[in-house]
Structures are given as C-alpha cells and as structure tokens.
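These notes are about the structure you will find just below.
Each chain gets a letter, A, B and so on, in the order its sequence line appears, and its residues count up from 1. Remember, it's a predicted structure, so these values are computed and weren't measured experimentally.
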Amino acid sequence: MLDSVTHNTFLPNVSFCDPLMSWTDLFSNEEYYPAFEHQTGYSFFNDPEETKATIKDYAVSSCLKTSGIKSQDCHSHSRTSLQSSHLWEFVRDLLLSPEENCGILEWEDREQGIFRVVKSEGLAKMWGQRKRNDRMTYEKLSRALRYYYKTGILERVDRRLVYKFGKNAHGWQEDKL
DNA sequence: ATACAGTTTCCTGTTT
DNA sequence: AAAACAGGAAACTGTA
C-alpha cells in the first residue's frame, strides 16, 4: 500500500502500444456484434432492454476499437497506458485519456479530483477485460471502490456514481503532470 | 510454503 | 421497480 503511494507505477518501458495489451486485441469482439451498423431494425432480442444494452455495449467497444486505431501516436502520452494493476490507477488513467475512455468516465470537478462514472457497466466491462474476467460487473467493481474509502485512495461523495480522489491517490492532478 | 494486499464474489439490507 | 450504495465475510490470486 505504502508502496503504491510513494512511487509511481508508470513504468517507462511500458508503452501504450504494448502488443500484449493493445486496444485492438482487447476489444476485438466482432463476433458478438455482427454487422450492427448496417442494421436498421434495432431489435436483436425479444427483450427490448437486452437490445438496448447490446447497442450500448457495441457503442463502447466500437469506440474503444476506433480509439485504439487512432492511437498510433504511441508515445505521445505514455502515462495513459492503462497497464496499471490497481483498480484506482486504471480508473485514473482512463480519466486522464479522454480519447480512450469513450465517455465512460467524466470529470465533475477537475481541481478537486471529483469524477463521475457515466457508463457503469461499460467501466465494469473494461476493468473485466483488463483483468481477463468476463464476470465483472459494476456491482462488484464498486465494492472494490468502497474499500478505497478506508485507505484514503478515494473519498466519499454522497452522489450516485460520483467519487473523489483522496489524499493517498496520486498522479491525477492537472498541474502535477 | 507462508503471508499479505488487493481485489472478487456473494449476500442482505437500505436508499434513490 | 431498477440501479446504486453499504459493508461483512469468505474465497481467490499474484507477488514477495
């Protein structure tokens, strides 16, 4: 714990385009979203909610794939590698790379480190991809986030889906690049 | 082999 | 009613 507080986990040798973890590798889920863009019926399932959820998932994964392709300027922003092993670092790095986060997370107050989870299941999906765990849900992810209140990585904000970085979280401030 | 941190999973209850 | 929030408890996983 102290370890993660005192020194940055951004390793200089970890590049954004690490072949083991590229966005295109992580989000090549075409098989689950067959030719959606040419579809005009918008009803893949009997349940309209399931259809809606699938469209949302598709939007997220297709956005991520696109951003992976666009991010060929590999070393332009090395700190946004999203290789971080810890959840809070993953969230922070997502917040710090607006091109890649696809509107999943949004700053509420940049200076105070307050942010909002806009697409909860999208975030869970991404974290699940990162940990190679397709059973991840926002419910379970948020349990892990609540543990951060005890360690001062996060502070409580009494608004739904809103969190704030605490004194023991580092690397999120705008000035302290 | 052991220990520990950091989750992950599950659960029951409360709130929005 | 659905989605979030709250935490306790226990299982799990990677690292030292």
Short side-chain N/O contact to B:dT8 OP1/OP2 from A:Lys131, under 4.0 Å: yes
N/O (side chain, A:Ser120) to phosphate O (OP1/OP2, C:dA3) under 4.0 Å: no
Distance test, side-chain N/O of A:Lys140 to OP1/OP2 of B:dT8, below 4.0 Å: no
Considering all heavy atoms, the nearest A:Met136-A:Leu141 contact: SD-N, 3.8 Å
Whole-Å gap separating C1' (B:dC4) and NE2 (A:His86): 12 Å
Interatomic distance, A:Phe90 CZ vs B:dT8 P [rounded to whole Å]: 11 Å
Row check, A:Tyr148 ring normal vs A:Arg146 NZ/CZ: under 6.0 Å, within 45°: no
Protein proximity profile, nucleotides 5-16 of chain C - base contact B, sugar-phosphate-only contact S, no contact -, cut-off 4.0 Å on heavy atoms: BBBBBB------
Contact summary for A:Leu105 and A:Leu95, nearest pair of heavy atoms: CB-CD1, 3.4 Å
Distance in angstrom units between A:Trp88 CH2 and B:dA5 P, rounded: 17 Å
Touch class at under 4.0 angstrom, heavy-atom based, for A:Leu87 against every strand present: sugar-phosphate
Check: A:Ser142 side chain, A:Leu145 main-chain N or O, donor-acceptor pair, under 3.5 Å: no
Geometric class of the A:His170/A:Trp88 ring pair [parallel <30°, tilted 30-60°, perpendicular >60°]: perpendicular
Interatomic distance where CD1 belongs to A:Ile153 and P belongs to B:dG6 [whole Å]: 8 Å
Ring geometry between A:Trp107 and A:Phe115 (parallel below 30°, tilted from 30 to 60°, perpendicular above 60°): perpendicular
